[in-house]
Protein chains: 2
Amino acid sequence: MVDKDQVRNNIIRAAGTIFSKFGFRKTTMEEIARAAGKGKSSIYYYFSSKEEIFEAVVVKEARTLKKELSKVIAGSPDPLEKLRNYILVRMKTFHQLSNFYRAIFDEGLSHFDFIERIRERYDKQEILTIRSIFLEGIKTGQFKPEDPDLVAIAIVRALKGLEIPLFWTHVNEDVDIATEEILNILFYGIVKQ
Amino acid sequence: MVDKDQVRNNIIRAAGTIFSKFGFRKTTMEEIARAAGKGKSSIYYYFSSKEEIFEAVVVKEARTLKKELSKVIAGSPDPLEKLRNYILVRMKTFHQLSNFYRAIFDEGLSHFDFIERIRERYDKQEILTIRSIFLEGIKTGQFKPEDPDLVAIAIVRALKGLEIPLFWTHVNEDVDIATEEILNILFYGIVKQ
DNA sequence: CGGAATTCGACCATTATATTCGTAAAGTCT
DNA sequence: AGACTTTACGAATATAATGGTCGAATTCCG
């Protein structure tokens with residue numbers, strides 16, 4: 001009982017790396033089991049279905065990302081730095097997990113209601129976070145005193161816009177550059193001069 | 001007739017990127033077709049099977065690698081540079097195509113006889129190339145006058161050794177470092193001082 | 001027009017795969 | 001040790017995915 005969670009976590013970790021490489025559909029229980037060092041049937045002792053494993057992985061991944069972003073934000077007192085680092089880390093993570101997240105958007109995979117929920121909650125949180133950074137920046141006089149709600153939403157939309165080519169084309173290398181580019185444009189348009 | 005080759009190449013290119021991401025097994029005809037902008041059945045007008053497409057991709061990829069390596073070797077007159085660059089480029093390419101090549105080694109996929117043939121020919125060629133560079137280096141006095149055949153084979157084996165963890169673990173980032181490391185060790189043991 | 005080249009939807013046969021189940025092995029407690 | 005619980009897995013199954021075929025439609029081109 002005590003290390004059932006241990007094994008569960010192990011499975012989640014193993015499954016995570018495979019999902020992130022091949023997405024939901026192309027990942028088989030066989031592979032997950034092998035990567036976790038167990039027989040295929042044994043997995044069902046810990047999870048009732050492939051979807052449940054996927055859900056666990058998504059939840060864990062979301063939590064990790066959230067933690068990482070918090071750390072980044074706390075890392076610098078300068079709102080400008082904060083915003084820059086936040087966006088950079090967020091894009092990098094999404095980039096790494098492109099296959100993984102593609103599974104979420106791909107085809108009929110969107111009928112995973114728990115994903116919709118996570119996604120929605122995440123979007124709202126992200127808007128709030130950016131809004132808050134932006135507000136700080138207004139206070140310090142570094143950002144123009146625009147409506148923070150509108151600006152936050154605009155930025156989130158821009159980031160979402162970056163996801164699309166990120167997940168569908170295979171020209172992944174360009175994304176980092178594109179992100180930097182967008183960041184610069186964003187700042188030149190946002191920073192009070 | 002004239003742009004049948006055009007379409008064929010297009011299919012090969014499309015299939016190549018998918019194979020390189022997911023390997024032979026996980027890549028479906030449906031995906032290849034979609035990526036090539038054709039219906040699934042239409043693909044069979046140009047290729048008689050999935051294996052045939054795979055073969056075409058492998059051949060093309062091998063040709064590209066060969067060309068790139070030739071260029072690198074011709075690029076520098078210094079045997080030491082040559083060897084270093086050769087190994088670097090070779091490892092980088094194999095690294096990028098890890099999924100792709102994994103398909104070759106995975107499970108029962110090795111009964112693709114044409115792959116065996118390519119592989120064998122490639123290994124022999126590689127030994128000759130390295131041997132030749134090493135001989136140059138002996139002439140210039142930069143390498144110890146060891147038996148070039150044995151040294152070449154040893155190096156090729158070392159490179160092959162690097163492939164294994166390269167293709168099977170997921171800690172891919174470490175490989176570049178590992179390669180550099182090996183290169184340094186190799187040179188410190190090889191370069192006359 | 002008329003025939004050849006090209007495309008594709010519908011279909012089939014086979015395979016792959018998620019999940020179940022019965023049972024074996026490994027602990028655990030008394 | 002023996003009974004009882006937890007954990008593991010091989011074999012079996014039902015279903016979905018997929019490679020490949022075929023004939024009909026569409027486009028090309030003289």
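Reminder, nothing fancy here: chain letters follow the sequence lines and each chain counts from 1.
- Following rounding to the nearest Å, B:Met29 (CE) and C:dA13 (P) show an atom-to-atom distance of 20 Å.
- As a whole-Å value, the separation of A:Ile32 CD1 from D:dC9 C1' is 17 Å.
- Checking A:Glu126 against A:Tyr86 by side-chain atom types alone, a donor-acceptor pair falls below 3.5 Å.
- At the phosphate of C:dG9, neither OP1 nor OP2 sits under 4.0 Å from any side-chain N or O atom of B:Ser41.
- Taking only distance into account, the side chain of B:Lys40 meets the base of D:dG20 through a donor-acceptor pair shorter than 3.5 Å.
- Heavy atoms of A:Thr28 sit under 4.0 angstrom from primed sugar atoms or phosphate atoms, though from no base atom.
- Look at A:Ser42 and you'll find a side-chain N or O under 4.0 angstrom from OP1 or OP2 of D:dC9.
- At a threshold of 4.0 angstrom between heavy atoms, the contacts of A:Tyr46 are confined to the sugar-phosphate backbone, with no base atom among them.
- The shortest non-hydrogen separation linking B:Lys4 to B:Tyr46 is CG-CE2, 3.6 Å.
- Remark: the A:Ser49 side chain and the A:Glu51 side chain contain no N/O donor-acceptor pair separated by less than 3.5 Å.
- Computed from coordinates, the B:Glu30 CD to C:dA10 P distance equals 13 Å when rounded to whole Å.
- Between the CG atom of B:Asp3 and the P atom of C:dA4 there is a distance of 19 Å, rounded to whole Å.
- OP1 and OP2 of D:dT18 both lie 4.0 Å or more from every side-chain N or O belonging to B:Arg25.
- Look at OH on A:Tyr45: it is 13 Å from C1' on C:dA25, rounded to the nearest Å.
- For the pair A:Phe24 CZ and C:dA18 P, the computed distance is 8 Å after rounding to whole Å.
- Going from atom NZ of A:Lys4 over to atom P of D:dT5 covers 15 Å, rounded to whole Å.
- Of the N and O atoms on the side chains of A:Thr27 and A:Glu31, not one donor lies less than 3.5 Å from an acceptor on the other residue.
- Atom NZ in B:Lys50 sits roughly 12 Å away from atom C1' in D:dG20 (whole-Å rounding).
- Nearest-nucleotide positions on DNA chain C for A:Thr27 and B:Gly37 put B:Gly37 closer to the 5' end.
- In summary, the side chains of A:Glu30 and A:Thr28 do not present any donor paired with an acceptor at a separation below 3.5 Å, with no hydrogens or angles considered.
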